[in-house]
Amino acid sequence: MSTTQNQFDKKSEAWSARFSEPVSELVKRYTASIFFETRLAPFDIQGSLAHAEMLSHVGVISAQDYADIQKGMAQIIDEINRGELQWQLDLEDVHLNIEKRLVELIGDAGKRLHTGRSRNDQVATDIRLWLRAEIDTSAELLLQLRKALATMALEHHATIMPGFTHLQVAQPVTFGHHLLAYAEMFGRDYQRLMDCRKRVNQLPLGAAALAGTSYPIDRERVAKTLGFDGVCRNSLDAVSDRDFAIEFCAATSLVMTHISRLSEELILWMSPRVGFITLADRFCTGSSIMPQKKNPDVPELARGKTGRVNGNLIGLLTLMKGQPLAYNKDNQEDKEGLFDSADTLRDTLTIFVDMVAGIKVKEDNMRAAALQGFSTATDLADYLVKKGLPFRDAHETVALAVRECEQKGIDLADLSLAELKAFNNAIEEDIFKVLTLEGSVSARNHIGGTAPIRVKAEAERILAE
Ligand code: ARG
């Protein structure tokens with residue numbers, strides 16, 4: 001055995017031959033990433049196996065080396081799954097921990113694995129492989145959430161509630177229509193994630209430390225083995241940029257923003273003051289002091305976690321902005337925020353698919369609320385326009401009628417025909433159909449409108465996707 005071989009066997013650091021004094025325990029902890037990145041291990045092994053297969057294919061290592069590496073890695077996967085692999089701080093990160101164990105298990109073949117590779121292209125590959133899997137999981141959950149909303153929308157395509165602007169009663173809408181607004185948002189979120197996936201799914205391996213490698217590597221072969229759509233076209237860029245992670249965090253922030261808006265509504269709707277819905281007990285908790293309380297903890301936390309997810313995005317953007325090419329250790333700080341955003345996204349979506357499906361609707365309360373606040377006033381104005389009045393004049397006439405009703409404490413539909421005629425003589429008996437909640441929503445019968453027939457068709461379209 002040569003001296004350099006002995007270094008890697010005996011000392012923990014892969015580069016230790018170069019140094020004359022050890023780092024302190026604190027510096028070790030400060031510079032290590034092992035304790036927050038073990039989730040990358042299966043992807044690290046997957047990447048290593050593809051790299052080794054390619055090295056043996058082009059003749060840089062022997063077929064026997066590759067077979068040994070496969071065998072060693074299979075055992076390491078087993079050890080990880082059984083929780084037996086002891087992750088060592090001394091070995092700094094997941095890459096060196098796995099490599100060290102491989103060398104322990106298979107000797108020299110293990111030491112040949114790192115030929116033509118650096119931890120810089122290795123870690124970039126691991127993150128992309130892991131993130132691709134996360135995107136696939138969360139994108140699928142977004143589709144499920146969209147379907148859960150559409151299922152509920154179908155059931156409530158004709159359930160009337162007040163639609164709000166400025167949180168004031170504006171016009172009646174159907175509850176189904178309201179839910180489908182969120183289905184639209186989550187549909188765009190899905191597209192954003194899938195678009196981000198295209199840029200995540202490019203192979204950095206082969207970039208080595210920064211400049212590429214002098215071995216006759218076949219990057220396209222590795223890309224194919226790992227299911228990447230292509231290879232990163234510039235080695236400096238491949239090891240250094242984390243824009244794909246930033247994009248994912250941005251897309252996640254938008255999903256969570258939509259989740260947070262929905263949460264805010266669920267919380268409001270569940271307030272006894274509003275009383276539009278109840279959430280299943282399994283998403284709520286009680287109070288330790290007030291026995292009557294049922295608190296919507298899950299939507300509140302989702303709303304709160306959105307802040308942290310936004311913070312992760314800003315963290316990554318800030319991490320990147322000052323870095324010269326190529327790899328800098330700063331990039332090790334990409335992981336915790338990214339992992340946190342991905343975990344939060346996955347967990348939140350999983351819970352929301354179930355929670356949305358379990359919403360109990362209090363239709364009578366929704367209807368009663370829609371009857372307050374003159375929600376059909378615009379319908380009266382539109383009626384007058386159809387009788388020939390310019391819209392602005394119609395608007396003015398209805399404003400006067402609303403004022404009178406307000407003084408009398410009644411609704412527009414409670415005025416008699418004679419009273420209505422006093423505002424405008426063109427008003428006929430048919431006005432009473434227009435002033436009903438059903439008449440109002442049914443009249444909005446166009447693509448994107450709240451007419452029950454449209455809401456039903458839209459919900460069915462989404463469910464058939
Ligand atoms: N743990 C490192 C990271 O997460 C791996 C790459 C280390 N490369 C290096 N040159 N120190 O980025």
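Every number for a ligand or one of its atoms is a count from 1 in the order of the listing. If you're wondering where the values come from, they're calculated on a predicted model, not measured in any experiment.
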Taking Ala133's backbone N and O only, do any of them form a donor-acceptor pair with Thr137's side chain (distance below 3.5 Å, no angle check)? yes

Do any N or O atoms from the side chain of Arg367 and from the backbone of Lys362 form a donor-acceptor pair under 3.5 angstrom? no

Backbone or side chain, does any N or O of Glu92 fall under 3.5 Å from an N or O of ligand 1? no

Do His95 and ligand 1 have an N or O pair less than 3.5 Å apart? no

Looking at [atom], what's its closest protein heavy atom, distance included?
{"atom": "atom 7 (C) of ligand 1", "result": "Tyr327 OH, 3.6 Å"}
{"atom": "atom 2 (C) of ligand 1", "result": "Gln332 OE1, 3.3 Å"}
{"atom": "atom 5 (C) of ligand 1", "result": "Asp93 OD2, 3.7 Å"}
{"atom": "atom 11 (N) of ligand 1", "result": "Arg119 NH2, 3.5 Å"}
{"atom": "atom 9 (C) of ligand 1", "result": "Asn120 OD1, 3.4 Å"}

Kindly write out the residues that satisfy ring pair (Phe, Tyr, Trp, His ring centres under 6.0 Å) with Phe186, not counting sequence neighbours, or none if the list is empty. none

Could Arg132 and Phe228 be counted as a cation-pi pair, given that NZ or CZ must be under 6.0 Å from the ring centre and within 45° of the axis? yes

Taking side-chain hydrogen bond (donor to acceptor under 3.5 Å, both in side chains) as the test, write out the residues that go with Arg346, two or more places apart. Glu134, Asp343

Atoms in ligand 1 flagged as close to Ser33, the criterion being non-hydrogen separation under 4.0 Å: 1 (N)

Counting from 1, what ligand 1 atoms have a heavy atom of Lys335 closer than 4.0 Å? 3 (C), 4 (O), 12 (O)

Only one of Lys335, Lys305, Arg39, Arg308 forms a salt bridge (charged side-chain N to carboxylate O under 4.0 Å, His left out) with Asp340, so which one is it? Arg308

Of Arg192, Arg197, Gln191, Arg199, the residue whose pairing with Asp195 passes side chain to side chain donor-acceptor pair (under 3.5 Å): Arg199

